[in-house]
Amino acid sequence: MKKAFGIVLLCLSVLLVPSYGWPKTVRIAVMQWKVNSPGDMEFIKSAMADMLASRLGANQSVEVIGPESVKAALGDKVDLTEHGAIEAGKKLKADYVLYGSLTVLGSSVSLDAKLLNVKDGAVSPLYSKGAGMDSVISMTDKLATDTLAVAVAAPVAAAPIAGAVTAETLKPEIKSEPKPVPIIKAEPQEGPKDSFIIKPKEGPKPVSWRSKPFDGVYTAILSADLNKDGVKELFILSPTNLVIAKQKDDGIEVVKEIKETGGAKNVAISAIDSDRDGSMELYVSKVLNNRPYTSIIEFKDNDYKTTVTGIEWLVRTVDASNEAVLVGQKFRKGDGFYGPLTILKKEGAKVAEKGRYEIELPKKTDIYRFEVFSFSGESPELVVLDERGYIKLYKKDGKGKWEQSFKSRDYYGGTLNPIILADDRPGTTETESVPLESRFYRADFNKDGKLELIIKRNVPGGLGRYSERPGSYKDGQILSLSWDEGGEDMLRENWKTRPTEGFIEDFFINDGGAEGAREMTLLVVEGTGSLTGRPKSYILSYRVSL
């Protein structure tokens with residue numbers, strides 16, 4: 001995966017560097033970077049060099065010799081010292097050689113570089129320091145600017161790459177970390193001027209609240225009435241526990257916490273009355289030893305209890321045929337998600353298979369990345385969020401097979417909820433991961449008779465979209481999209497929420513009752529870009545009436 005990341009980034013760098021057709025007067029060779037870190041950050045080596053090559057090459061006077069060319073000239077064992085830089089410079093006929101190291105120690109990140117003048121052997125030290133991985137890009141920008149100031153007679157700042165994340169957008173945020181409390185009180189969020197919803201013509205301002213932050217990364221949230229008291233409870237999931245809470249006007253009250261003690265990892269939750277006995281069941285999808293190990297929680301004897309464990313499917317509810325059903329998909333190391341969707345039904349203390357589900361997913365589409373509804377026309381379509389965050393539409397061809405008809409220009413989604421697959425071979429510690437996306441919805445918010453796609457979009461931190469799989473996010477928004485046959489992208493943005501303080505891991509939509517407004521509840525995580533390892537989660541809820 002790390003090699004693929006480097007290749008993707010190198011390709012982006014080459015495509016984005018402008019070619020002005022002017023003569024290049026300075027040749028700068030960029031060597032691979034040393035990384036000094038207690039953790040596994042080897043992927044930064046090529047990424048740093050590729051970003052530098054992109055920024056330096058944007059200057060009309062500079063010809064960049066990238067790390068791959070350096071490696072080709074010197075072989076696999078590149079000497080990342082001054083002696084090696086001199087050797088590289090002479091072989092490549094470069095005027096300058098740029099090399100150095102990135103050091104990560106706690107929350108501190110430092111960049112120590114040297115620019116060697118091949119002709120006279122003079123070395124110019126270049127240094128910068130930052131906090132957190134979000135500072136890496138701004139430090140790279142500064143290093144490129146300082147390099148050009150030395151190497152080019154008339155210094156010209158490295159031009160920003162079109163569409164790239166800039167240093168300004170990656171400034172770290174300083175947030176307080178209040179202690180968690182059993183009763184999480186709400187914070188009123190009514191602004192005197194600005195609505196939380198942004199649209200061409202402002203509508204009524206929503207009444208909203210925000211909970212106090214609580215420790216850890218929580219990955220899923222939904223509401224359901226398991227105890228049949230007429231009020232939906234909140235179910236909030238983390239990799240190791242499930243929190244059951246009551247939502248009140250002044251905040252959230254925790255009812256029960258169910259901890260995972262058997263070593264399995266919680267990855268998703270769904271609620272449905274699959275056995276049609278009049279009581280909802282909560283399905284907690286889990287993975288144990290690289291295999292599904294899903295459980296069921298029900299309200300029995302005046303308590304929330306785990307009634308079934310060890311279900312060999314990852315599950316979710318789907319209501320594409322106007323009736324919600326429980327479907328499952330298999331999962332294993334090596335293949336990830338595989339096999340057809342299967343209808344499941346609870347029967348006593350087990351879950352039984354009830355045949356193949358009517359929808360056959362395209363390749364590389366899993367159970368958590370699709371919805372089916374009439375989006376661009378009258379016939380149902382398969383709406384998919386692919387692995388890179390692009391929306392794809394599929395229509396059935398004459399043989400009843402799904403055929404891709406559209407791919408969005410913008411990206412959506414974004415998650416930090418992976419299934420970590422450990423290598424079970426003796427003496428090995430290698431791991432790989434499969435990211436799980438949260439749900440997206442269809443709804444008619446503006447009541448025009450046409451369904452809209454309600455989906456989140458999180459903005460990556462760190463290396464941004466350069467990274468194959470971002471390790472942090474800065475903020476997030478919920479967007480409403482409609483199909484526009486005459487539009488340039490064919491997806492028209494109806495409205496979007498203002499950016500949250502942190503990224504949106506999951507959300508759900510409830511009807512607003514007699515008032516007609518709908519309630520949107522977001523699970524937000526902040527602090528993922530910090531090297532302190534202390535992220536926080538909170539819940540943001542508001543009513544939207546358009």
What I want to find out is whether E298 reaches K346 closely enough, with some N-O distance under 4.0 Å, to be called a salt bridge. yes

Take Q329 and T342 through the side chain to side chain donor-acceptor pair (under 3.5 Å) test and state the conclusion after the steps. CA-CA 7 Å; Q329 191 175 23; T342 300; over 6 Å; no

Which heavy-atom pair separates I419 from V267 by the least distance, and what is that distance? CG1-CG1, 3.9 Å

Pair E257 + K259: basic N to acidic O under 4.0 Å: yes

Using the rule given for side chain to side chain donor-acceptor pair (under 3.5 Å), can you reason through E505 versus T415, listing the C-alpha separation, both sets of side-chain angles and the distance that settles it, and then say yes or no? CA-CA 6 Å; E505 185 63 271; T415 179; 2.8 Å; yes

Nearest non-hydrogen partners of T219 and L416, listed with the distance: CG2-O, 4.5 Å

Between R316 and I367 (side chain of the first, backbone of the second, donor and acceptor by atom type, cut-off under 3.5 Å), is there such a pair? yes

Show your reasoning for whether side chain to side chain donor-acceptor pair (under 3.5 Å) applies to E493 and S480. CA-CA 6 Å; E493 182 181 298; S480 166; over 6 Å; no

For S537 and G216, the nearest pair of non-hydrogen atoms, with its separation, is OG-O, 2.6 Å

To the nearest 0.5 Å, tell me how far S238 OG sits from E260 CD. 10.0 Å

Between F445 and W495, is the gap from one ring center to the other below 6.0 Å? yes

Residue pair N417 / S438, side-chain donor-acceptor N/O under 3.5 Å: no

I'd like to know if E387 pairs up with R369 as an ion pair, taking the criterion as any Lys NZ or Arg NE/NH1/NH2 lying under 4.0 Å from an Asp or Glu carboxylate oxygen. no

Between Y304 and F299, does the ring centroid distance fall short of 6.0 Å? yes

Output for pair (K392 NZ, K407 NZ), nearest 0.5 Å, gives 5.0 Å

Return the minimal non-hydrogen interatomic distance between T294 and S285, and the atom names on each side. OG1-CA, 3.3 Å

Within 45° cone and under 6.0 Å: R332 NZ/CZ vs F337 ring: no

Euclidean distance, Y283 OH relative to L326 CG, rounded to 0.5 Å: 5.0 Å

Less than 4.0 Å between a side-chain N and a carboxylate O, is that true for D275 and K345? no

Does the distance from a Lys or Arg side-chain N to an Asp or Glu carboxylate O, for K228 and E233, drop under 4.0 Å? no

Give me the one residue out of I269, L222, I244, I539 that meets side-chain contact (heavy atoms from CB on, under 4.5 Å) with I236. I539

Trace of the salt bridge (Lys or Arg N to Asp or Glu O under 4.0 Å) decision for K456 with E437: CA-CA 10 Å; K456 69 181 182 182; E437 265 295 349; 3.7 Å; yes

To the nearest 0.5 Å, how far apart are CZ in F507 and OG1 in T521? 10.5 Å

With a 4.0 Å cut-off on N to O distance, would you call D273 and R276 a salt bridge? no

Minimum-distance pair of heavy atoms, taken over all atoms of I359 and L341: O-CD1, 4.0 Å

Taking every heavy atom of V217 against every heavy atom of P535, the minimum-distance pair comes out as CG2-CG, 3.5 Å

Side-chain ion pair, D319 and R442, N-O less than 4.0 Å: yes

Is there a donor-acceptor pair closer than 3.5 Å between any side-chain N or O of D506 and the backbone N or O of L523? no

Reference residue S270; test side-chain contact (heavy atoms from CB on, under 4.5 Å); the match among T317, V318, V327: T317

I need the K246 NZ to I252 CD1 distance, nearest 0.5 Å. 13.5 Å

So, taking the atom named CG in D112 and the one named OG in S128, what distance separates them when rounded to the nearest 0.5 Å? 9.0 Å

Cation-pi between R388 and Y411: NZ/CZ under 6.0 Å from ring centre and within 45° of the ring axis? no

